[in-house]
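Heads up, the thing below is written out as C-alpha cells.
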Number of protein chains: 2
Amino acid sequence: MTRIDTSRKILDCASRMFAQHGYDGTIMDDLAEQCGVNKASIYYHHKDKATLYDNALTAIFTPIADAVIEAVEAQVEPVKQLRVHIKTFARVTADNPCFASILMREMASGGANMPVPARQQMQRILFLLMRILQSGESQGVFRSSDALIIHFMIIGTLNLFVISIPLRQTLPATDQLEQLQNSNIESAADQVATTIIASLLVK
Amino acid sequence: MTRIDTSRKILDCASRMFAQHGYDGTIMDDLAEQCGVNKASIYYHHKDKATLYDNALTAIFTPIADAVIEAVEAQVEPVKQLRVHIKTFARVTADNPCFASILMREMASGGANMPVPARQQMQRILFLLMRILQSGESQGVFRSSDALIIHFMIIGTLNLFVISIPLRQTLPATDQLEQLQNSNIESAADQVATTIIASLLVK
DNA sequence: TGGCAATGTAACTAATCGGTTAATTCCATG
DNA sequence: CATGGAATTAACCGATTAGTTACATTGCCA
C-alpha cells in the first residue's frame with residue numbers, strides 16, 4: 001500500500017459506510033476493518049469522526065458540482081444547457097451513488113448539521129440552474145418558472161432513481177412489478193429533461 | 001393519562017425524533033425526556049426500539065396511502081385521477097413532514113431494513129399510479145410511460161419540497177436566494193401535476 | 001545511513017446507550 | 001374499602017463506541 005493512497009482509501013470507504021448507514025450508524029471500528037486500515041490510522045489522517053464526515057462530503061460533492069458546471073458552460077443555448085445540466089447531474093450521480101444517499105439523509109435531517117462546504121456545492125448547482133432559467137427567460141425561450149421546484153424535480157427524481165437501483169434489483173419480480181420498465185439512468189435523465197423542458201418552452 | 005394516550009404520545013414523539021435524527025441517531029433517553037414519559041414506559045408500551053420504529057412507521061405510512069387511494073377512487077377520468085393523486089399526496093405529506101424525512105432516510109439505506117408494512121404502503125401508492133396510467137393509456141388519453149419514473153418524480157420532488165421548508169425559512173435571504181419564489185406546497189403540487197400531465201397527454 | 005512521516009498493534013478510557021428490574025402508584029371493579 | 005392488574009418510576013447493568021496512548025515497524029528521501 002502506497003502511503004499517499006491511505007487517506008483516500010479511508011475517505012472512499014467512509015463515504016460508502018456513511019451513505020449506507022448514516023453518520024450515527026457508521027461505527028469507526030467497522031470502518032477500520034472494512035477498509036483494511038487500523039483505527040489509529042483513521043484518526044491520524046482525519047482528526048475525528050466529524051472531520052472525517054466533512055472531508056468525505058467535500059470530496060464527494062465538489063467534483064459533482066464541478067462536472068455539472070463545466071458541462072453546462074460548454075453550451076450556449078439555454079435549452080441545451082438545461083438538458084446538459086440534467087444529464088450530467090444524472091451521470092455523475094449514478095457514478096457515485098454515495099452522493100444521493102448522503103444528500104437525501106442530510107435533507108431529511110433538515111440540513112441543519114450539513115457541512116458548509118457540501119452545502120455550498122449544492123448551492124452552486126442551484127445557482128447554475130437559476131442562471132440557465134433566467135437567460136432562457138430573457139431570451140424568450142422559457143416561460144417564467146420556479147427554479148427551486150425544478151431543482152427539486154431534477155435532484156429528487158434522479159436521486160431516488162439511483163438510490164433505488166439496488167432495491168429494485170433484489171425485489172421479487174411480481175406480476176405487477178415486472179410491468180415496470182427497467183430503464184437505466186440515461187433514459188431516466190432523458191425523460192426528466194424532456195418533461196421539464198417541454199413544460200418550460202413558451203408555446 | 002390513559003393507556004391509549006401514552007402509547008400514542010410516545011409514537012408521535014418517536015416519529016418526530018426518528019424523522020429528524022434517524023434510527024441510530026434517536027436516543028431512547030432523549031425520547032423519554034422529550035415526550036415526558038419514563039424510559040421504562042416506552043419499553044412497556046412498545047417492546048423495544050426496533051418495534052417502536054416499526055409501529056411509528058406503520059402509523060405514519062398507512063393513513064397516507066389510505067388518503068391518496070380514497071381521493072383517487074372518487075375520480076373516474078385518468079387525468080383527474082392523476083392530478084388528485086399528486087395533490088393529495090402533497091397535502092398529506094405536508095401535513096406530516098415526518099413521513100418525507102423517514103422515507104428519504106429509508107431510501108438512502110437502500111430500503112433494506114425498512115419495515116414490511118411501511119414498504120407495502122408505498123407499493124399501494126405505486127400500484128395505484130400504475131393503474132391510473134394504464135387506464136389512461138387504454139383510453140387513449142395518455143401515451144405509454146414509465147410509472148416508476150413518474151412515481152419518483154412525484155415523491156422525490158414533493159418530499160424534497162416539504163423537507164426543505166424549515167431549511168429555507170432559516171436561510172439568510174441573499175440576493176440570489178431571494179429570487180426564489182416562496183411557493184407553498186399547493187402551488188408546488190400544481191406545478192408537478194401540470195408538468196407531468198402535460199408530458200403524458202397524447203398530442 | 002539517519003531522520004521523519006506514516007502505519008500497525010493492542011490495550012485502555014470514559015462516556016453513552018439500549019434494555020432491565022424491583023418497587024411504587026394509579027385506578028377500575030366487586 | 002379492598003384488591004389486583006395496569007401503568008409508571010428511579011436506579012441500575014452490561015455492552016458498545018468514540019477516541020487515546022504508548023510503542024514498534026515500515027518505507028521514503030535527503
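Only heavy atoms go into these numbers, but all of them, side chains included; no hydrogens, no water, no symmetry mates. Chain letters run A, B, ... following the sequence lines, proteins first and then strands; every chain starts at 1. Keep in mind it's a predicted model, so treat the numbers as computed, not measured.
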Whole-Å gap separating [atom2] ([N]) and [atom1] ([X]):
X       : N      : atom1 : atom2 : value
A:His46 : C:dT7  : NE2   : C1'   : 14 Å
A:Tyr43 : C:dT7  : OH    : P     : 17 Å
B:Asp5  : D:dA6  : CG    : C1'   : 15 Å
A:Asp29 : D:dT16 : CG    : C1'   : 9 Å
A:Met17 : D:dT17 : CE    : P     : 11 Å
B:Asp30 : C:dC17 : CG    : P     : 7 Å
A:Met28 : D:dT17 : CE    : P     : 12 Å
B:Lys39 : C:dG18 : NZ    : C1'   : 6 Å

Around atom [atom1] of [X], are there more than 12 heavy atoms from other residues, nucleotides or ligands closer than 6.0 Å?
X       : atom1 : value
B:Gln75 : CD    : yes
B:Gln20 : CD    : no
A:Glu33 : CD    : no

N/O (side chain, [X]) to phosphate O (OP1/OP2, [N]) under 4.0 Å:
X       : N      : answer
A:Tyr44 : C:dT7  : no
B:His45 : D:dA6  : no
B:Thr6  : D:dT8  : yes
A:Ser41 : C:dG8  : yes
B:Asn38 : D:dA10 : yes

With heavy-atom distances below 4.5 Å as the criterion, would you say the side chains of B:Arg168 and B:Phe161 are in contact?
yes
So, under a plain 3.5 Å distance rule, would you say the side chain of B:Lys49 forms a donor-acceptor pair with the base of C:dG19?
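No.
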Do A:Thr58 side-chain atoms and A:Pro117 backbone N/O form a donor-acceptor pair below 3.5 Å?
no
Minimum-distance nucleotide (side-chain atoms of B:Ala40 versus D:dT9, C:dT9, C:dG18)
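Given the options D:dT9, C:dT9, C:dG18, the side chain of B:Ala40 is closest to D:dT9.
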